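Remarks on the structure that follows.
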Amino acid sequence: MVTIRLTNSKTRKKEEFRPIDPSNVRMYVCGPTVYDRAHLGNARPVVVFDTLFRLLRHVYGAEHVTYVRNFTDVDDKINAEALRRQRAGAPGTLEELIRQRTEETIAWYHADMDALGALRPNHEPRATEFIGQMIAMTQGLIDKGHAYEASGHVLFRVRSYKDYGKLSGRSVDDMIAGARVEVAPFKEYPMDFVLWKPSSGQEPGWDSPWGRGRPGWHIECSAMAHELLGESFDIHGGGLDLQFPHHENEIAQSACAHPHGDFARYWLHNEMLQVEGKKMSKSLGNFFTVRDLLDQGIPGEVIRFVFLMTHYRSPMDWTAGKARQAEATLAKLRARIKSPDLHVGAKAPDDFVACIADDLNTAGAMALLVNYRSDHEVAGALNLLGFALQGRAEQLPSSSARALQVLTARLALARTGAMTTKDFTAVDALKSALTAAGVEVRMSKEGVELVPGPDFDPAKLEALQ
RNA sequence: GGCGGGUUGGCGGAGAGGUUACGCAGCGGAUUGCAAAUCCGUGUAGACCGGUUCGAUUCCGGUACCCGCCUCCA
C-alpha cells in the first residue's frame, strides 16, 4: 500500500494519511458560486483536488473514494445578475431567472472543467437542495446555545466555541483589533457570523422558524458535508483564501452541532494563482476565464499541465511562456508513445506514484515523467495525472490524415529525385508550404515524416493536395 | 494593524545536513542536401547577517524584500 502524506493545515504539518474507512475514503472540496464563468483562479483547486482524487482512487480503488464538491447557488451576486436581466427585459419571474442563471453557469463550469481533464466528483450538491438540512442544523445550534436570533437573523456565537481561530492561526482578540468591517448593531459580539438572514420580497427565500429568509454562506458546506459524508470524514479542501473565515466558520458550526464527530481530519489548502507575477484582479485588467484561454486555442490539458508544474502550496504564476513550454513538453511526451492503444490501462511507475503521494509533489513527478524511457512508463504516468495518451496527431479528421499520407509520399519522392539531380527547389517549396500549414517536416536517412504541430491548419494542408 | 507564506543557476522548478535534481533556453559536437527533430557533451545556483555542526542552499535566530488573507473578485 502506498503511503500518502499530506500537509494538514489543521496541524501545520505533513502527516501520513490514514483514512477513517479505507473502503470509503471521503473528501469534500468547496466549489464555485455559480453566478458567472469560472476564472483561471477557480480552476486551480479543481485541478489540485482532481489530482488528489485520482491518487486516492489509484491507492484505495476507484469505487472506494467519495468526492463531494458543492455548487453555491444561493448568493447575492446571482440575485443581482438575475435582477439585471429582468430589468433588461428578460421574460420570467426573478426566481426563474435565478434558476436559469445558475443552470447555465453550472453547464459552463462543467464544460470548462471537463476541458481541463478534471473528473466529475461523485456528488455535486446544490445549496438550494439542502435548505432543510441547513435550517435543522441552525435550529440545533440555537438549541445548544451556540447561536441566537437577532433582528430576523440567526448568528453563530463565536465565543461559545473555544477553538475558534485555530485553523487559521488567529486569535479572536487580534482579529477584532485589526477588523476593517463595520459590525452590524444586532451582533452580540463583533466576530459572530450569520447562519440565516431575512429575505426581502425580491430576494429568494425559504420559510423558516425565523421567518422567510436564506442561509448565510458558511452553513451550506457544513450541512451538505454532514448529509453526504457524515459527522467525520477524511479530507476537506479549498483555496487558501477560504481558510478564513469560511473554513474556520465551517469548523465552528460543525464541531458545535456534532460534538462527537471530527468533521474533517485533514484540511488542505492550495495557494493562490497569479498572472505574469501579479494577482489576477479585475482592477488590474489581467482577469480572464478558463473559457477565454480555451477560445484562444490553449488546450485544457496544457492549462492542466502548467498547473501541475507548480506545487499546490506555492503561489502559481500563470504566464504565456509556461503555456508554450508545457504544450511543447506534452507533445514530446506523446511522441514517445508510439502505440497509444497498447497503453490504455498502463499503471504509473512506483516512483512516480510515490512522488505524488508525497504531499502531491506534482512538480517533482513531472521531472520523473520527462525522463522515463519506456512508452509504458510515460503512458502510465500520463494516465494517473489525467492526460489523454493520444495527441493531436492521432485525433486528426480522416481527411487531414489522408492528406498527410499523400503529401508524405510526394515529398519523399521529390526528395529522392532531388538527391540525384541536386536541385532541391521543389522539395524546399513543398517543405515551406507544409511549415506554413503548421506541419513539422522531418527528413532523415530513414525517410520523411510529417507531424502536425500546435498551429496546424487542416484547410491549408488539404489545399496542398 | 493582525495572521500566514515565500526568496534556489538566464527562465521554470524539486529533493536531500556531506555525492549531477530535472526541464526549457544557451553553448560545443554527431547526424542532415539545407533545416527541423533526435542523440551525446556542457552550467558548482541557493536574498543578506549570525548561530549549531567536522560540514548547511538544506536545521535555528535575525534583517531585507516580495506575496496572500483579514475587504466585491478565489
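Values reported hereafter were calculated over all heavy atoms of this structure, with side chains retained and with hydrogens, waters and symmetry mates removed. These numbers come from a predicted model, not from an experiment.
A close approach under 4.0 Å does occur between a side-chain nitrogen or oxygen of A:Lys279 and OP1 or OP2 of B:rC69. For B:rG4, the OP1/OP2 oxygens have no side-chain nitrogen or oxygen of A:Ser168 closer than 4.0 Å. Within the structure, every side-chain polar atom (N or O) of A:Lys322 is placed at least 4.0 Å from both OP1 and OP2 of B:rC24.
Applying the salt bridge (charged side-chain N to carboxylate O under 4.0 Å, His left out) criterion to A:Glu271, with sequence neighbours excluded, gives no partner residue. Residues satisfying the side chain to side chain contact (heavy atoms under 4.5 Å, CB included) test with A:Pro45, not counting sequence neighbours, are A:Phe49, A:Asn270. Shown here are the side chain to side chain contact (heavy atoms under 4.5 Å, CB included) partners of A:Glu449, two or more places apart in sequence or in another chain: A:Arg442, A:Val451. For A:Tyr266, the ring-ring contact (aromatic ring centres under 6.0 Å, His included) test picks out A:Phe17, with sequence neighbours left out.
Between A:Arg101 and A:Asp36 there is a salt bridge, since at least one side-chain N of the basic residue sits less than 4.0 Å from a carboxylate O of the acidic one. Between A:Asp76 and A:Arg214, at least one side-chain N (NZ, or NE/NH1/NH2) sits under 4.0 Å from a carboxylate O, which counts as a salt bridge. Ion pairing of A:Arg99 with A:Glu103 is present here, as a side-chain N (NZ or NE/NH1/NH2) and a carboxylate O approach within less than 4.0 Å. Salt-bridge formation is not detected for the pair A:Glu301/A:Arg304: no Lys NZ or Arg NE/NH1/NH2 atom is positioned less than 4.0 Å from an Asp or Glu carboxylate oxygen.
The interatomic distance linking A:Lys166 (NZ) with B:rG2 (C1') rounds to 20 Å, in whole Å. Distance, A:Trp217 CH2 to B:rC70 P: 9 Å, rounded to whole Å. Summarising the geometry, the separation between CG on A:Asn361 and C1' on B:rA21 is reported as 12 Å, rounded to the nearest angstrom. Remark: P of B:rA21 and CG of A:Asp351 are 19 Å apart, rounded to the nearest angstrom. In this structure, A:Trp318 places its CH2 atom 22 Å from P of B:rC67, rounding to the nearest Å. Rounded to whole Å, the distance from CZ on A:Arg313 to C1' on B:rG68 is 15 Å. Between A:Leu167 atom CG and B:rC70 atom P there is a gap of 14 Å when expressed in whole angstrom units. Rounded to whole Å, the distance from CE on A:Met280 to P on B:rC69 is 12 Å.
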* Fill in the dot-bracket string of RNA chain B, one character per base: . for unpaired, | for a pair to another strand, ( ) or [ ] for pairs within the strand, taking Watson-Crick or G-U pairs under 3.5 Å. => (((((((..(((.....[...))).(((((.......)))))....(((((..]....))))))))))))....

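If you check every strand for non-hydrogen atoms under 4.0 Å, A:Leu273 touches a base. Residue A:Glu449 is classed as having no contact, given no heavy-atom separation below 4.0 Å to the nucleic acid. Using a 4.0 Å heavy-atom cutoff across all strands shown, A:Thr319 reaches no nucleic acid atom at all.
For the contact set between residues 47-56 of chain A and RNA chain B, defined by any heavy atom under 4.0 Å, there are no members. Sorted by residue number, the list of members of residues 99-116 of chain A with any non-hydrogen atom under 4.0 Å from RNA chain B is empty. Scanning residues 32-41 of chain A for heavy-atom distances under 4.0 Å to RNA chain B yields A:Tyr35, A:His39, A:Gly41.
Picking from B:rG13, B:rC73, B:rG23 the nucleotide with the shortest atom distance to the side chain of A:Lys77 gives B:rC73. Closest to the A:Glu271 side chain, of the nucleotides B:rC67, B:rC22, B:rG5, is B:rG5. Listed candidates were B:rC22, B:rA14, B:rC24. Nearest to the side chain of A:Gln325 is B:rC24. Listed candidates were B:rA14, B:rG68, B:rC22. Nearest to the side chain of A:Met272 is B:rG68.
Judged as a side chain to side chain donor-acceptor pair (under 3.5 Å), not a single pair has a partner in residues 407-416 of chain A (not counting sequence neighbours). Residue pairs that meet the ring pair (Phe, Tyr, Trp, His ring centres under 6.0 Å) test with at least one member in residues 290-317 of chain A, sequence neighbours left out, are A:Phe305-A:Phe387.
Taking atom C1' on both nucleotides, B:rG23 is separated from B:rC34 by 29 Å, rounded to a whole Å. As rounded to the nearest Å, B:rG13 and B:rC24 have C1' atoms that lie 11 Å from one another. Nucleotides B:rA16 and B:rA35 have their C1' atoms positioned 43 Å apart, rounded to a whole Å. For the C1' atoms, the distance linking B:rG9 with B:rC70 amounts to 37 Å, nearest Å. Spacing between B:rU53 and B:rG61 at atom C1', rounded to whole Å, works out to 16 Å. Taking atom C1' on both nucleotides, B:rA14 is separated from B:rG68 by 23 Å, rounded to a whole Å.
The residue among A:Met309 and A:Asp75 whose nearest nucleotide of RNA chain B lies closer to the 5′ end is A:Met309. Between A:Phe244 and A:Ser281, the residue anchored nearer the 5' end of RNA chain B, judged by the nucleotide with its closest heavy atom, is A:Phe244.
In this structure, CG on A:Leu330 lies 8.0 Å from CE on A:Met366, to the nearest 0.5 angstrom. One distance of note links CG of A:Leu94 with CD of A:Gln86; it measures 5.0 Å at 0.5 Å rounding.
Taking a 6.0 Å sphere around NZ of A:Lys14, one finds it holds more than 12 heavy atoms contributed by other residues, nucleotides or ligands.
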All N/O donor-acceptor pairs, side-chain side in residues 110-120 of chain A, below 3.5 Å, sequence neighbours left out:
residue	atom	partner	partner atom	Å
A:His110	NE2	A:Glu124	OE1	2.8
A:His110	NE2	A:Glu124	OE2	3.1
A:Asp112	OD1	A:Arg37	NH1	3.2
A:Asp112	OD1	A:Arg291	NE	3.1
A:Asp112	OD1	A:Arg291	NH2	2.7
A:Asp112	OD2	A:Arg37	NH1	3.1
A:Asp114	OD1	A:Arg120	NE	3.0
A:Asp114	OD2	A:Arg120	NH2	2.7

* Asked: Passes side-chain hydrogen bond (donor to acceptor under 3.5 Å, both in side chains), A:Asp292 versus A:Thr289? Steps please.
  -> CA-CA 5 Å; A:Asp292 290 335; A:Thr289 64; 3.1 Å; yes

* To do: Could you walk me through whether A:Asn70 and A:Glu220 pass the side-chain hydrogen bond (donor to acceptor under 3.5 Å, both in side chains) test, one step at a time?
  => CA-CA 9 Å; A:Asn70 66 298; A:Glu220 69 175 80; 2.8 Å; yes

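A perpendicular orientation is assigned to the rings of A:His236 and A:His247, their planes being inclined by more than 60° (bins at 30° and 60°).
Of the N and O atoms on the side chains of A:Asn249 and A:Tyr164, at least one donor lies less than 3.5 Å from an acceptor on the other residue. Between the side chains of A:Thr319 and A:Asp317, not a single donor N or O lies within less than 3.5 Å of an accepting N or O.
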* Produce a footprint string for nucleotides 31-39 of chain B: one letter per nucleotide, 5' end first; B if the base is under 4.0 Å from any protein heavy atom, S if only the sugar-phosphate is, - if neither. => -SBBBBSS-

